[in-house]
Every structure is written in structure tokens, then in C-alpha cells.
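The next block holds one structure in the form of C-alpha cells; read it before the comments.
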There are 2 protein chains.
Amino acid sequence: MHQDFESILKSSGQSVTKPRRAVFDALTRADSPLKNGEIAKLTPSIDRASVYRTLELFAKLGITTTTIRGWTPFTELAEPFKPHHHHMICERCGVVEEIESDTLEDMLTILASRHHFTLRSHTVELSGVCASCSKNLPQPTSL
Amino acid sequence: MHQDFESILKSSGQSVTKPRRAVFDALTRADSPLKNGEIAKLTPSIDRASVYRTLELFAKLGITTTTIRGWTPFTELAEPFKPHHHHMICERCGVVEEIESDTLEDMLTILASRHHFTLRSHTVELSGVCASCSKNLPQPTSL
DNA sequence: TATATATTGCGAAAAAGTCGCAATATTATA
DNA sequence: TATAATATTGCGACTTTTTCGCAATATATA
């Protein structure tokens, strides 16, 4: 696992450094996407600026993917460190389930090609109400 | 159009105020999603704090949708003020095309129900290389 | 038009993100 | 394994973005 990570860095001419390992480890240990600030807190020995620079590099190299929730970006490991997936989030209780669908993936590729685009990456975020919340709270929460 | 907007506010027990109208107007005039800061600049007579509060309210009421590009959230009007769509962004030149597909929408609903979720909203963002960029720049840009 | 209440603007402050540069770590080479 | 060339870091200062409490004001209802 680590081996692959370091290979990606090296094969793209990047150094393997302590901050990069620390950020990668934090993301590996996390079981769900993290905010930038959370990553920084999980790597207290690393300067904030380096965390940001690392995150920017990881995004460029495709090591991570970032999605948004509310106004906040959340980052997690991408393939090959984590199987490709999307998120289904319950807007009541916040539970996050991972979604995989080859059919969806194929459709997105086709959609892109209809627009004469070569698809390189994508994000899909679904938001709704999970089964247990719709049982327990039949009335939508008021504002 | 405005009528609908004010109806949404009133029917959910919210007041129709100057800041809310200003933010809505700014989003209406924009032809593409805006950053929070851009919205604030387009509404100079409105205090920044009120712009943020308004944006938060709009999101809750489903008046707007927010997607991410890089690490920055972009907001635009949602249905019924703008037809439902998604984005296909060229990572080379930045051009944004709007994507619509009923088949995609249906599939997302089905995917959600497989997870026993009731789908309420979703975002799909595709990123890739547009036709003209893949002609002009056959070699991927290096880091 | 008066009253109750929701919302605003203000001021201040916290949080998030960025930048230049000297010091340091990493890599490649001998 | 030591050295030189270079990439990267940490630091410190700074800018930008976002949040908060509260008195003043605008809005909605009767």
C-alpha cells in the first residue's frame, strides 16, 4: 500500500517526504472523507502550509479526490488506495454510505463523449433520507 | 420568476428582505455558478454576514445548489429557477458545459433506493478534456 | 397603523488559506 | 557512503473567508 503511494510520487518526479507520508497516513486511517482542517489537526507535527501544499499535490496526482458537503470540501484517498465509489448522505442523521455502480460509471463516460469530452474524473454526491430516519421522523424537520 | 422566489420564502415562514432579493438577483443575472465572494461583490450594499446567512438559507430551502471546483464552492440557482443540470468541465481550458440526462436522473434515484434512501438532491460534476483541447494539446500537461 | 418578531448591519474575532525565503531534507551521482 | 544539486519544508506574516453577538431596523400580522 505504502509502496504504491511512494511509487506514484517517485514516478512523477516528486520526493517522498515526512509531510507527504503523514498526510497520506492520516487519510489512510480515516474511514471517511476529511476536511482540510481535520487533516491538519491529525498531523500536528506538520506545518499547515505544508499540509495544504501536499493536499494540492495529491489532488494533481490523483492520489485523492475531493467532494463538497455544504460549503466544506472533504478529501479522501482515491484509487488505487480506495475502491472507486460515491457517497449517499442522509440529510437527517448524517450517515454516509458508499455507492458503487459500474452502470453509472459507464453512463457518465457516454454522457461525456456526447459532449465530445474525454472523461478524466468525476464526482457524484447523493443526498436524501435514510430508511431509519424516514421511519422515525415521518415529518420533515422544519427550518 | 421573482414571484416564485418570494412564494418559496413566504410559504416556509421566511421574510422577503432586501438582502435576500439582492442575492437572488445576483444569482439570476449570473450565467454560471458563483463563488461566495463573487456574490458578495455583486451585492455591495449588503453586509457580508447577511450574504452568508442568505446563502445558507437558500441552500436549506433548495433555492440554490452548490458544487465544488478545486477546493472552492460555487453556488447557482436550482430548480425551478434554472433547469436541472450538471456540469462537464474541461480541465485544460476551463470551459463548462451543462449536462442534462433523464436516464442519469432515473439511475440515481434507483441507486438511492437500493440503499433504502429517498433521494432528495444530488450533484454530478464531470471533469475531462474537451474536443478542441485534445486536438491542440495531444500531450498531457506535465506537472 | 401598532406590535411582535425576524432579520439586518456592525464590529470584532476566529478560521482558513497563501506567500516568500532561509534552513533542511531528499535525491542522484560519484 | 559522502557530496552536490535541488526540491521541499517550516516559519512568520499576511490576506481572505467565515462566523458571532447584539442593538438597530425592517417585515409581517392583526
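Below, read A as the first sequence line, B as the second, and so on, with proteins coming before strands; counting in each chain starts at 1. Note that the structure is a prediction, hence the values are computed from the model and not measured.
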Could you tell me if Thr64(A) and Thr75(A) have a donor-acceptor pair between their side chains, going purely by distance under 3.5 Å? no

Separation of Ile89(A) CD1 from Glu91(A) CD (nearest 0.5 Å): 10.0 Å

What are the residues of residues 46-53 of chain A, sorted by number, that bring a heavy atom to within less than 4.0 Å of DNA chain D? Ile46(A), Asp47(A), Ala49(A), Ser50(A), Arg53(A)

Before giving the answer on salt bridge (charged side-chain N to carboxylate O under 4.0 Å, His left out), spell out for Lys82(B) and Glu98(B) the whole-Å C-alpha distance, their side-chain angles and the decisive distance to 0.1 Å. CA-CA 11 Å; Lys82(B) 204 162 187 219; Glu98(B) 296 190 355; 2.9 Å; yes

Whole-Å distance, Glu56(B) CD to dT19(D) P, equals 7 Å

Between His122(B) and His87(A), is the ring centre distance below 6.0 Å? no

Evaluate the ring planes of Phe24(B) and Phe5(B), with Trp represented by its six-membered ring, and classify them as parallel (under 30°), tilted (30 to 60°) or perpendicular (over 60°). parallel

Once you round it to whole Å, what is the distance between P of dA26(D) and CZ of Arg20(B)? 15 Å

Could you state the CD1-P distance from Ile68(A) to dT17(D), rounded to the nearest angstrom? 15 Å

Tell me who clusters with Ile99(A), hydrophobic residues only, linked when side chains sit under 4.5 Å apart either directly or through other members. Met88(A), Val95(A), Leu104(A), Met107(A), Leu108(A), Leu111(A), Phe117(A), Leu119(A), Val124(A), Leu126(A), Met88(B), Val95(B), Ile99(B), Leu104(B), Met107(B), Leu108(B), Leu111(B), Phe117(B), Leu119(B), Val124(B), Leu126(B)

Derivation and outcome, salt bridge (charged side-chain N to carboxylate O under 4.0 Å, His left out), residues Arg21(B) and Glu6(B): CA-CA 9 Å; Arg21(B) 268 193 290 254; Glu6(B) 303 194 353; 3.5 Å; yes

Distance in angstrom units between Trp71(B) CH2 and dT17(D) P, rounded: 15 Å

What's the NZ-P distance between Lys35(A) and dT17(D), to the nearest Å? 19 Å

Heavy atoms of chain A, cut-off under 4.0 Å: which first and last nucleotide of DNA chain C, 5' to 3', fall inside that, if you could look? dA16(C) to dT27(C)

I need the minimum non-hydrogen distance between Leu61(B) and Ser12(B), along with the two atoms involved. CD2-OG, 3.5 Å

